[in-house]
Structure formats: C-alpha cells, structure tokens
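Take a look at the structure set out below.
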Amino acid sequence: MNKTFKQKVLAIVAKIPKGKTLTYKQVAVRAGSPRAYRAVGNILNKNSDPGIPCHRVVGSDKKMRGFNRGISEKINLLKKEGLKFSKEKIILQRTSRAAR
DNA sequence: CGTATGACGTGCA
DNA sequence: GTGCACGCCATAC
C-alpha cells in the first residue's frame, strides 16, 4: 500500500503502549525516515485524531513540545498513565546508576 | 510544480 | 547551561 508517511506515523503513534513515550525522531525512524522527525510533528499537529495519543510523543529531551490542548494537560494525562514528570520533563527511570 | 510552513534535532558560541 | 542558527523531511496550498 502506498501509505503515506502520515499514515505510518499515525499508526505508530496509535500503537504506543500506555505509560510509554516515543520521541518524534523514534517515530520517524519507525516510519522509515529517521530524518523526517520534523514531518512527524507536522503531521500530528494537523491531525487531531482521537485515537492518536499524541501526548505520548515527546521531543528528544522527553519534553512536551506543543499540544493543541496545552502541554500541562498532556502531562496530567501521562501522569495518570503511570509516568512521572519534572515540570514538563518526563522523568526516566534509567537504570544507569549501576546499583539502583 | 514550486513555495511556504512546522508539535524537531543538532551544533556551536 | 542557555540561546541562536542551520538543516532536514513531509504535507498543504
């Protein structure tokens, strides 16, 4: 199928598991164009699909870039998902602390 | 077809 | 650490 990048991105974002977040770049990579992270955000912004958890898509810093409803609202939603936040930054529980 | 736009990412000062 | 500028890709008009 000639699925446009948009369709792929939407499908990928819709497949994001609860409590997880992907960066625009990751989505772009999964879509087949690691350099189209720009288009990814562009697509989501123009697409207001209810089945697209765009709030699970964040920037490279795991920060909310911009949302139609307001970043704070998305943060609240993600908090319910089980994630934690530091202002607009998502707190990653990285195991890189060796003993932790 | 060409131009303009955009919810980004990275590099450098 | 912060701020600025450039580059990239896809979509819409």
Side-chain angles (χ1 to χ4, degrees):
Chain A
M1 301 287 146
N2 276 353
K3 281 185 16 190
T4 57
F5 200 77
K6 187 168 104 175
Q7 294 290 307
K8 293 187 192 173
V9 172
L10 293 173
I12 293 162
V13 176
K15 283 174 175 188
I16 299 177
K18 185 182 113 176
K20 271 221 149 149
T21 49
L22 285 175
T23 66
Y24 291 99
K25 193 141 79 171
Q26 286 298 310
V27 177
V29 172
R30 272 177 93 143
S33 294
R35 302 266 142 102
Y37 39 74
R38 260 222 196 202
V40 175
N42 213 321
I43 291 157
L44 291 172
N45 173 245
K46 284 181 168 187
N47 258 297
S48 37
D49 281 277
I52 308 302
C54 11
H55 58 266
R56 283 185 197 150
V57 187
V58 296
S60 52
D61 288 32
K62 290 284 173 316
K63 275 258 219 44
M64 319 310 283
R65 282 294 171 183
F67 280 107
N68 271 335
R69 302 293 201 170
I71 299 168
S72 306
E73 290 291 305
K74 308 305 190 188
I75 294 170
N76 208 325
L77 286 167
L78 286 170
K79 277 181 163 186
K80 282 176 156 191
E81 304 267 305
L83 286 162
K84 309 219 159 143
F85 281 84
S86 177
K87 286 193 188 241
E88 293 121 74
K89 224 179 333 325
I90 296 173
I91 300 172
L92 293 174
Q93 282 193 16
R94 62 175 63 218
T95 53
S96 22
R97 211 46 170 156
R100 176 152 319 227

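To find a chain, count down the sequence lines: A is the first, B the second, and so on, and within it residues start at 1. These numbers come from the heavy atoms of this one structure, side chains and all, not from hydrogens, waters or symmetry mates.
- For A/Thr4, the side-chain contact (heavy atoms from CB on, under 4.5 Å) partners at least two apart in sequence or on another chain are A/Lys6, A/Gln7.
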Heavy-atom contacts, protein to nucleotides 3-10 of chain B, under 4.0 Å, summarised as B (base), S (sugar-phosphate only) or - (none) per nt, yield --BBBBSS
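- Residues passing the side-chain hydrogen bond (donor to acceptor under 3.5 Å, both in side chains) test with A/Glu88: none are found, sequence neighbours excluded.
- The two residues A/Gly32 and A/Pro34 come nearest to each other via the heavy atoms O-CD, 3.7 Å.
- With a 4.5 Å cut-off on side-chain heavy atoms, A/Val27 and A/Tyr37 do not count as touching.
- With sequence neighbours excluded, no residue forms a salt bridge (Lys or Arg N to Asp or Glu O under 4.0 Å) with A/Arg30.
- The shortest side-chain heavy-atom distance between A/Arg56 and A/Leu78 falls under the 4.5 Å cut-off.
- With sequence neighbours excluded, no residue forms a salt bridge (Lys or Arg N to Asp or Glu O under 4.0 Å) with A/Glu73.
- Along DNA chain C, read 5' to 3', the first and last nucleotides having any atom under 4.0 Å from a heavy atom of chain A are C/dG7 to C/dA12.
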